[in-house]
2 protein chains.
Amino acid sequence: MASDAALQVEPLAEEETLSLGERAYRRLRASIVQGALAPGAKISERGLANALGISAQPVREALRRLEQDGLVVTLPRRGTVVAEIGPERLAELGRIRAALEGVAAALAAERMSEADLAELRQVVRRMRAATAAADHEALAEANERFHALIQGATGNLFLIRSLEALHAFDEYGRPRALGSTPNALPRALREHAGILAALRARDPALAETRMRAHVLRSLVTNRVLAPPARARRGKSLTPD
Amino acid sequence: MASDAALQVEPLAEEETLSLGERAYRRLRASIVQGALAPGAKISERGLANALGISAQPVREALRRLEQDGLVVTLPRRGTVVAEIGPERLAELGRIRAALEGVAAALAAERMSEADLAELRQVVRRMRAATAAADHEALAEANERFHALIQGATGNLFLIRSLEALHAFDEYGRPRALGSTPNALPRALREHAGILAALRARDPALAETRMRAHVLRSLVTNRVLAPPARARRGKSLTPD
DNA sequence: ACCTGCCACCTGCTATAGCAGTTGTCCATG
DNA sequence: CATGGACAACTGCTATAGCAGGTGGCAGGT
């Protein structure tokens with residue numbers, strides 16, 4: 001009787017098996033970047049603890065990690081507050097992310113396995129279809145997979161963790177123009193294809209350049225970075 | 001257990017006012033990058049705790065932060081082990097650091113105050129004297145201050161924290177050739193002066209290029225990066 | 001000798017309690 | 001009325017205790 005049931009493998013609920021500290025970390029991070037916790041708001045370990053129905057240690061652990069991410073700042077024995085993140089800080093983080101994704105692409109060009117390259121080709125193929133159908137949801141998912149594949153191919157934990165933390169800022173603010181220019185989709189597709197080509201060619205420098213330009217351009221269309229007015233001029237010293 | 005002997009490291013510093021978690025974090029990180037804790041070594045929260053004479057919570061907190069840095073990896077309910085960091089991983093981290101320091105230099109070129117620029121000039125002046133006198137110790141200290149000033153000028157917590165974590169890897173391995181080429185010192189001085197010039201000129205692109213090249217070159221002379229075989233293929237940072 | 005199942009021990013993980021600074025309020029005093 | 005100081009109520013921080021899951025070894029059965 002029960003033996004049959006014992007053979008059944010658990011459905012293994014997806015993400016409910018995480019530690020409380022990890023869940024608190026993600027939840028708090030989401031609350032901050034989504035604006036539910038306004039900048040400057042005071043955070044109390046105990047307060048948050050019984051608000052979440054858990055103990056104070058996991059909360060403290062989460063706050064420490066958030067502090068390392070720069071999302072909160074805690075003054076010893078005085079309190080913890082949500083850090084102020086203005087548009088300029090957000091732009092800085094975007095530029096940092098662009099640089100890191102560039103390095104990731106360079107490393108991936110050297111180390112990526114053929115299997116990963118094959119999956120990447122599939123992803124770009126899905127992107128092409130989604131672009132033609134203007135399926136934004138599928139496009140976002142494919143885009144996520146695209147970058148995750150490249151980052152994962154590096155195998156560098158520091159790089160992956162850092163980019164994950166930066167990725168959380170993507171939905172900061174968020175009245176970002178959905179109705180961007182109609183040629184933004186095809187352009188992004190071209191850029192992705194170009195990155196894939198560089199990876200297949202095992203050209204680290206080219207992959208890095210293209211990836212970085214892609215991320216920067218995407219940040220510009222999302223209004224987090226200002227359009228490069230004169231930044232692209234010759235890099236000569238301007239005499240003062 | 002066997003890690004008890006490995007815990008004996010430097011007196012570290014006179015900072016007694018830091019939290020136990022913070023001290024445990026730095027101490028453990030130093031033990032790992034200095035090789036006192038060999039890769040693959042098992043770390044027990046309780047074991048470390050009464051080896052350090054403190055409770056288990058600060059230790060756990062430190063381990064979580066080290067995990068985010070990629071220095072340890074913990075399998076839930078099974079144990080925590082020191083991550084394997086081979087030469088290739090070290091090279092990756094060096095390239096990441098070069099990219100991040102480049103971004104820091106670009107941001108500093110835009111935001112740096114005149115006071116910071118003045119101090120930076122003083123630091124370069126000290127470097128020049130130390131280079132002439134071949135005073136390695138003063139040179140290292142000035143170098144530290146040079147980079148710290150630039151990073152601090154960005155005011156970006158994420159950037160500063162990440163670079164601090166990466167900086168810890170500088171003394172990983174460490175049989176690095178002290179008797180490097182005799183022209184290494186003047187070259188480093190020229191590079192620092194060049195970076196300073198770009199910062200004074202408020203040229204982000206140039207500052208980034210020079211800073212990144214400087215860090216990469218320094219990593220090459222320290223034997224953590226392989227010399228660029230096809231070095232004349234410039235990594236153009238400005239996308240077209 | 002070999003498999004098997006149980007059990008002590010280990011691990012990370014969480015909760016509770018209490019310490020030590022900091023801050024704000026309220027009453028006493030000039 | 002203004003001012004200062006002590007007390008109460010916070011805060012982050014640390015220690016202790018105990019839970020749940022995983023591992024290894026030892027005994028008992030085949």
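The structure displayed is predicted, hence computed values, not measured ones. Residue numbers begin at 1 in each chain, while the letters A, B, ... track the order of the sequences.
- Put simply, the side chain of A:N156 gets close to the backbone of A:L159: a donor and an acceptor are under 3.5 Å apart.
- A:L52 places its CG atom 13 Å from the P atom of C:dT14, with the value rounded to the nearest Å.
- Taking every heavy atom of residues 53-76 of chain A and every atom of DNA chain D, pairs under 4.0 Å involve A:Q57, A:R60, A:R64, by number.
- For residues 92-105 of chain A, the salt bridge (charged side-chain N to carboxylate O under 4.0 Å, His left out) pairs, not counting sequence neighbours, are A:R89-A:E92, A:E92-B:R111, A:R95-B:E110, A:R97-A:E101, A:R97-A:D170.
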Expected list for residues 65-74 of chain A: side-chain donor-acceptor pairs under 3.5 angstrom, two or more places apart:
from	atom 1	to	atom 2	distance (Å)
A:R65	NH1	A:E22	OE1	2.8
A:E67	OE1	A:R64	NH1	3.2
A:Q68	NE2	B:D69	OD1	3.4
A:D69	OD1	B:Q68	NE2	3.4
A:D69	OD2	A:Y25	OH	2.4

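- Pairs engaging residues 154-164 of chain B under the salt bridge (charged side-chain N to carboxylate O under 4.0 Å, His left out) rule: B:R29-B:E164 [sequence neighbours left out].
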Listed pairs, N/O of protein and of nucleotides 8-11 of chain D, under 3.5 Å:
from	atom 1	to	atom 2	distance (Å)
D:dT11	OP1	A:S44	OG	3.0

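- Looking at residues two or more places apart in sequence or on another chain, you find a side-chain contact (heavy atoms from CB on, under 4.5 Å) between A:V82 and A:I32, A:L37, A:A41, A:I43.
- Distance, A:K42 NZ to D:dG12 C1': 14 Å, rounded to whole Å.
- Whole-Å rounding puts the A:L18 CG to C:dG12 P distance at 18 Å.
- For A:R125, there are no salt bridge (charged side-chain N to carboxylate O under 4.0 Å, His left out) partners at least two apart in sequence or on another chain.
- Rounding to whole angstrom units, CG of residue B:L20 and C1' of C:dG21 are separated by 15 Å.
- With sequence neighbours excluded, no residue satisfies salt bridge (charged side-chain N to carboxylate O under 4.0 Å, His left out) with B:E84.
- At whole-Å resolution of the value, CG in A:N50 and C1' in C:dA15 are 13 Å apart.
- Qualifying side-chain contact (heavy atoms from CB on, under 4.5 Å) partners for B:E144, counting only residues two or more places apart in sequence or in other chains: B:H167.
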